[in-house]
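Heads up: the structure comes next, in C-alpha cells.
Residue numbering restarts at 1 for every chain, and letters A, B, ... go by the order of the sequence lines.
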Amino acid sequence: MKTKEWLIEKTLLLMALSAVAMLALIAIFVFIEGTPIMAREGLGHFLLGRKWAPTKGSFGIFPMIVGSVWVTIGALVIAGPLGLACAVFLVEIAPRKVADIVRPAIQLLAGIPSVVYGFVGIVVLVPLIREHLGGPGLSVLAASIILGVMVLPTVISISQDALEAVPRTYKEGALALGCTHWQAITRVILPAARPGITVAIVLGLGRAIGETMAVIMVVGNAVKVPAGLLDPARTLTSNIALEMAYAGGDHREALFATGVVLFMFIMLLNSLAALRFGRRRPSP
Amino acid sequence: MAGSTSIQPIAELLADRYMAQHAGPAVEVQGGGSSAGIRAALSGAAEIGMSSRQLKPEETGLKEYLMARDAIALIVHPGNPVRSLTKEQVRGIFSGRVQRWEAVGGRSGAITFITREEGSGTRGAFEELVMGKETEIAPDGIVQDSTGAARAIVATDPDAIAYISLGMVTPEVAAIALDGVQPTHESATDGTYALTRPFLLLTKGEPTPKARAFLDFVVTPESQATIAEEGYIPVKPAGRGSGA
Amino acid sequence: MRPDPALARDQDLDSPRRDQDLAVPNGGAMAEHKAEMAREPKVRVEGLSVFYGGVQALKSVDLPVHANEILGITGPSGSGKTTLLRMVNRLNDRVRACRHEGRVYLDGREIYDPQEDVILLRRRVGMVFALPTPLPKSIFENVVYAPRIAGMRDRRKLEERAERALRGAILWDEVKDRLDDSALALSGGQQQRLCIARTLAQEPEVVMLDEPCSGLDPISTLKIEQALDSLKATYTIVLVSHNVQQAARATDRTAFLLMGELVEWRPTAEMFTNPRDPRTADFLEGRFG
C-alpha cells in the first residue's frame, strides 16, 4: 500500500513538473530567440522606436505596444461593465428559467472560434463603423468591440463565481436592515465580491491582450500609433502572427522579441491577478 | 510541396486532379509563403517549393519550373467611378503621397489603401512591379494577411483600394486599368499589362521521380486549361522553364 | 417516541381549533388569555402555510405576538421556526420556489398586501440571524448602516443613534474606544451583539432573533439574554431557540413548533410546568430534537 501511494504521488509530481518544464522551455526558447536583437538594437530603440520596416532593418515596436494597450483597454471598457452587469443579473435578478438559458448561452459564446468573431467583425461591424462614425472602419474601436465580446464569457463567469461566493448572510443581513434589493447589491454584495471581480477583469485583460486571429481581421494592422478610436492600429500579437510565416533572420528575431514583450505583459497581468487572489479575505 | 499562398489554391486543385488520375503516393500541398517555400525546397523539407516571385541572387541551388503567370489587379469598390490609374498614381497612393480620391480624378473622399503583410508574395511582387526600389509602401496603410480579407474590405468600402491576384477578382469588386490597360488574361499573357509575376515550382537539383511526374502533369494542356479557368495565365505547353 | 408522521398530519387538520380547546380547561390562565385575544396583537399570523417547492415547511400556523412581550418559538431543527420568522419580514420574497397561503398582519395590516412597502416593513420588523452577520466594515458603519440607508446624514445624529443602539445591546462599554475598527475583528459574542445593535439602530418595532446564541459561549449568551430583557420595554421581541433552557429563562410566552405544525403556545411558565400535548412534554424533556 505504501509503495502504491508513493508511486502515485511521484507520478503526479512528475506530471506537474513536466507541465512547468514545458512552460519554462517555451519561455526560454522565446527569450533566447528574441533577446539578441533587443540587445543589438538597444532596448530603448526597440521598445520606443516608431518605425517598423523589418525587411529594411528598422525594428521599433512602439506602435504595436500602444496598439495593444489601446485595444485591450477598449475591450475592457466594453466587457467590464457589461460583464459585471450580466453577472449581477444572472446571480441576483434573473428568474431561474432565464438564468438557465443565459448561462449555457454565454458558455457557448466562449466556444465560438475566434476567426468567426473576426469574420462577423469584418462583414458587419467594420462597415457599420465606417458608415456611421467615419474612418476606414478597421480600427481600434472595431477590435475593442470584438475583443470585448470575446472576453465577456471570462468576465461573466468569474464575476459570477465571485458574486455567488459572497456569504448569503451579507445580503440577507442588509435586506433585514431595510435595504432595497438594489442597495444590497451595490453597497454590500459588490464591495464584498470586489477582489473576485478584479480577478475576472484582469484575466479578461490577459485573454484580450493575447487574442490574435479576430484582431488581425478587424484592427487594420497599420504600423502607426493610433491617434483615436477610429484609427487602425497593430497589436503585438497581430504583428507576430502576420509576419512570422515569412520572416527570416533579423526579422524573425524581432518577432520573437515582440513575443518577449507580450510575454512580459501577460506575466505582469497574471501575477497581478494572483496577488489579488492571495489577498482575498476568508469569509467570516 | 510547400510555399507561396498565392500558388497554394491552384496547386491544391492540380494535386487533387493528379491524384485522381494517378495511383501512388499522395501529393501534399502546404502554404507558408514564397520565402518559406524556397527554404523548404533548399532544406529538403518539401520536394517541390512554390514561389510567386523571382529568386533573389543569393537563393541558389534550385531548379525553376514556370507553371503559370499571375497578374496582380488593382481593385476598388464597384461604385467607385475611378476605373483607371497610372502606375505613378498607384505608387503615390500606396506610398501615402496621394491621399484623396479627387487627386486622381475620383469623387471627394479619403483613400483607404490596403496592402499585404511584410513577406507576402503578392506584396513582394507589388513592391517590385509598382513601387520600385526608391518608394516604400507607407507604414500606416491597412494591412490584411489574406486576399479574401482585402477583397472583403474593398467590397464594402467605397473608398478602399487594394491589390490582389487577377484570378481572385470577383464581381463584388472592380478591377481597374493600369496605364490604360485593363487586366485580362489576354493583356497579361501578351505582356501589355505590366503587373504580372511568375508562379515558380522549385526543386533542389534534379527532381525526384515523384516530383518529376507532378511537374510534367502541371504543364499538360489539361492542367494549363485549368490554370486559365482559375484566372491565371497559362504558360505555353512547351515552355517548361529552364534550370537556374 | 418519535411521533408518527401520519399521525402528525392527521392532527394538523384540526390543530388550530385544538389550540383553543386546550386553553379552555385552565382556569386562571384562561381569563388572561381571553384578555390577550381581545386586543389586536402586534403581529398576527393566520392560517400560514409555506411551501418550498413540493415541501411544506409550515402547516396552517396561527400565532399572535403581543406588544412588549418576548415570545419564544422553540422546537427541534427543521420544524419551521426560521421560516416563520422569515415570513414576518418577507425575507422569503426573493427565494425562488417559495410560496405561501394564509396571512400575516402587522398592527392589523396584511403585510403581503401588494400595497404594502416591503422596505418599510423590514425597517419596522428587524431581524438578527443565527450566525453573526457583520458586514466587512467598521463597527460604527455596521451600527449606522440602516439609518444611513434610510437617508440619515448628520454625523452627530448617527453617533447618538449608534451609542443608544450599542448600549441597548450591552456592547457600548466594550467597543466605545474602537468604533472605527473592523467589525470582523470582534469576538463571536460581540459580533452577535453588534448585529443586535445594528437592528436596534434602525429603530424597529419588532425585533426577531433567530437562534442568536447558537454559536456562543454561556457568558455571551447571558449578556444577550440580559439585553433582551431590558429591551422588552421598548420592543416586541420574538426569540427563536431550540434551546429549551433559554426559552424557559428568557421568554414570557412560548410557542412549540414541530414539523411545521404549531403544537401549542402558552405562557412560558405554564407550558414548562404543565405541557398539554404529549409531544410538547417529550420535547421539553429532551426525548427528541
Would you indicate whether [X], at its atom [atom1], is surrounded by more than 12 heavy atoms from other residues, nucleotides or ligands within a distance under 6.0 Å?
X: A/M213; atom1: CE; result: no
X: B/H77; atom1: NE2; result: yes
X: B/E28; atom1: CD; result: no
X: A/F119; atom1: CZ; result: no
X: A/R252; atom1: CZ; result: no
X: B/R107; atom1: CZ; result: yes

Apply side chain to side chain contact (heavy atoms under 4.5 Å, CB included) to A/V223 and B/D140, showing your working. CA-CA 5 Å; A/V223 184; B/D140 53 358; over 6 Å; no
Taking all non-hydrogen atoms of both residues, which atom of B/P158 and which atom of A/R130 are closest, and how far apart? CD-NE, 4.4 Å
Rounded to the nearest 0.5 angstrom, the CG-CG distance for B/D157 and A/L138 is 8.0 Å
Once rounded to the nearest 0.5 Å, what's the spacing between atom NE2 of A/H251 and atom OG of B/S35? 10.0 Å
Highest number of heavy-atom pairs under 4.5 Å with chain A: which of B/T115, B/T156, B/I114? B/T156
Output the option from B/G141, B/A155, B/A110 having the highest count of non-hydrogen pairs under 4.5 Å with chain A. B/G141
Apply side chain to side chain contact (heavy atoms under 4.5 Å, CB included) to B/D145 and A/I216, showing your working. CA-CA 8 Å; B/D145 66 342; A/I216 285 187; 3.8 Å; yes
Ranked by heavy-atom pairs below 4.5 Å to chain B, first place among A/G220, A/P127, A/P136 goes to A/G220
Below 4.5 Å, heavy atoms only, C-beta onward: do B/Q144 and A/N221 meet side chain to side chain? yes
Min side-chain heavy-atom separation A/V126-B/I153 under 4.5 Å: no
Ordered numerically, the heavy-atom neighbours of chain B under 4.5 Å found in residues 226-241 of chain A are A/P232, A/R234
Kindly state each residue pair satisfying salt bridge (charged side-chain N to carboxylate O under 4.0 Å, His left out) with at least one member in residues 142-158 of chain A, sequence neighbours excluded. none
So does A/E243 pair up with B/R116, basic N to acidic O under 4.0 Å? no
